[in-house]
*Asks:* 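I'd like to ask you about the structure that follows.
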Amino acid sequence: MTGQNPVFIPGPTNIPDRLRRAMNVQTIDHRSPDFAGLLVPLLGDLKKVFKTASGQIVTFPASGTGGWEAAVANTLSPGDRVLAARHGMFSHRWIELCRRHGLEVEAIECDWGDGAPADRFGARLRADRSHEIKAVLVTHNETATGVRSDVGAVRRAMDACDHPAMLFADCVSSLASMDFRMDEWGVDVAVAGSQKGFMLATGMAIVGVSPKAIEAAGTAACPRAFFDFGEMIAANAAGGFPYTPPLQLLYGLRASLDMLFEEGLDNVFARHRRIAEGVRRAVRGWGLELCARSPELYSDTVSAIRVPEGFDSEALTAHLLDTYAVSFGVGLGPLAGKVFRIGHLGAMTDVMALSGIATVEMAMADLGYPVESGSGTRAAQEFYRRTARPALRTAA
Ligand SMILES: *Cc1c(COP(=O)(O)O)cnc(C)c1O
């Protein structure tokens, strides 16, 4: 086999050649001026992606889960009460992580396919007159269900009752692919990672931190060492790192930001939206349903698709890999066997998406799905043809 198919898992994502080359660098001394010259502008440019002017960016050698842990450990104390919605595997895992840190989590249970309910958050916060709740957790893009939640609406619900809790957002599978506005939405800690919208190898948690969260770190009593915001911010300000940085990833991130800014963030978001819409047309063409309940919840980075009654989505994804050497996302937790997911984020084009859609059709035909072969591909083709724009050819 001479080529490799793209992956359609919603992270880690396909790594453009340009970024693979950028990560292929020899060691430099991380206590040298060259390192400071790489790091300092990088942190400044990351702020543009988070859309924060007042916040700071900290990074840790970790996956996104490390970013969750950093958010919690730096700003809260054991016994603190936090409010979260559980509507998919990722929001579920963040809740569990909070519990292991000794926090009291009030979980608002939602259907897996719904978004984080700003109205229910608002009602609970309004009732919390003594301000026991210290933080509100929102998963901006629930990767398990392909649901985008309205973080701004949660902020408005908090402000409507003047609740002083911090707002944390998981934007691991949305940042740099869908619009995220840390300052406008009043997000105090925003958690992302290197391996999704940034199109890089896994290994960096990238976290936006507001002045309020930094202030909270002054009194927060959860134990932390590796993930300490204060030590990281102090070291970064001097152009350094408190321990050995993931140098190759930082070079990759420099190149990733260059790519994103060359395309333009708004164009990046529009590309994701257009590709996602083509995938959604394909799903409709197949006569299948998305896990996301309504259009305003549709994610532009991942689509979770319900398989027909009597079919096992695990068998479908296994067949896709075994027979056609293409990876798609499986159903997670209670959705195992019921949904499969098409990740369409990062280094993705309409042409790549069409190859994924067409391959799903082959596998569904092989497995006897009641789906007309070509129906999804045709619907996506029609949409992509109608909305085609002069191709942007950035160096890959
Ligand atoms: C990928 C992802 C994470 C982090 O997972 P890691 O495997 O630790 O990088 C967290 N939240 C969401 C919504 C994700 O998609």
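The residues of the chain are indexed from 1 along the displayed sequence. Atoms within each ligand, like the ligands themselves, are counted from 1 in listed order.
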*Asks:* Does R86 come within less than 4.0 Å of E109, counting only side-chain N to carboxylate O?
*Replies:*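 So R86 pairs with E109 through a salt bridge.
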*Asks:* Considering the options W94, W185, F50, which one meets the ring-ring contact (aromatic ring centres under 6.0 Å, His included) requirement together with H140?
*Replies:*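 Exactly one pass, corresponding to W185.
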*Asks:* What atoms in ligand 1 come closer than 4.0 Å to a heavy atom of T143?
*Replies:*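 What qualifies from ligand 1 is 12 (C), 13 (C), 14 (C), 15 (O).
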*Asks:* Do any N or O atoms from the side chain of S210 and from the backbone of A213 form a donor-acceptor pair under 3.5 angstrom?
*Replies:* yes
*Asks:* Does some side-chain heavy atom of V307 sit less than 4.5 Å from a side-chain heavy atom of V339?
*Replies:*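 No, too far: nothing below the 4.5 Å cut-off.
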*Asks:* Test S174 against N141 for side chain to side chain donor-acceptor pair (under 3.5 Å), laying out the working first.
*Replies:* CA-CA 6 Å; S174 53; N141 189 70; 5.9 Å; no
*Asks:* As an exercise, identify every atom of ligand 1 less than 4.0 angstrom from a heavy atom of N141.
*Replies:*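 Selected atoms, number and element: 13 (C).
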*Asks:* Give a yes or no on whether the backbone of T301 and the side-chain of H272 come within a donor-acceptor separation of less than 3.5 Å.
*Replies:* no
*Asks:* May I ask you to list the atoms of ligand 1 that are less than 4.0 angstrom from any heavy atom of Q195?
*Replies:*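 Listed by number with element, the hits are 6 (P), 9 (O).
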*Asks:* Output the list of atoms in ligand 1 that are nearer than 4.0 Å to some heavy atom of K196, sorted by atom number.
*Replies:* 1 (C), 2 (C), 3 (C), 14 (C), 15 (O)
*Asks:* Applying a strict 4.0 Å limit to heavy atoms, is W68 in contact with ligand 1?
*Replies:*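 Judged by the 4.0 Å heavy-atom criterion, W68 does count as contacting ligand 1.
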*Asks:* With atoms numbered from 1 as shown, which atoms in ligand 1 lie under 4.0 angstrom from a non-hydrogen atom of S173?
*Replies:*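 Under 4.0 Å from S173, ligand 1 has these atoms: 13 (C), 15 (O).
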*Asks:* Under 4.0 Å from a heavy atom of T65: which atoms of ligand 1 are those, numbered in the order shown and with their elements?
*Replies:*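 The atoms of ligand 1 under 4.0 Å from a heavy atom of T65 are 4 (C), 5 (O), 6 (P), 8 (O).
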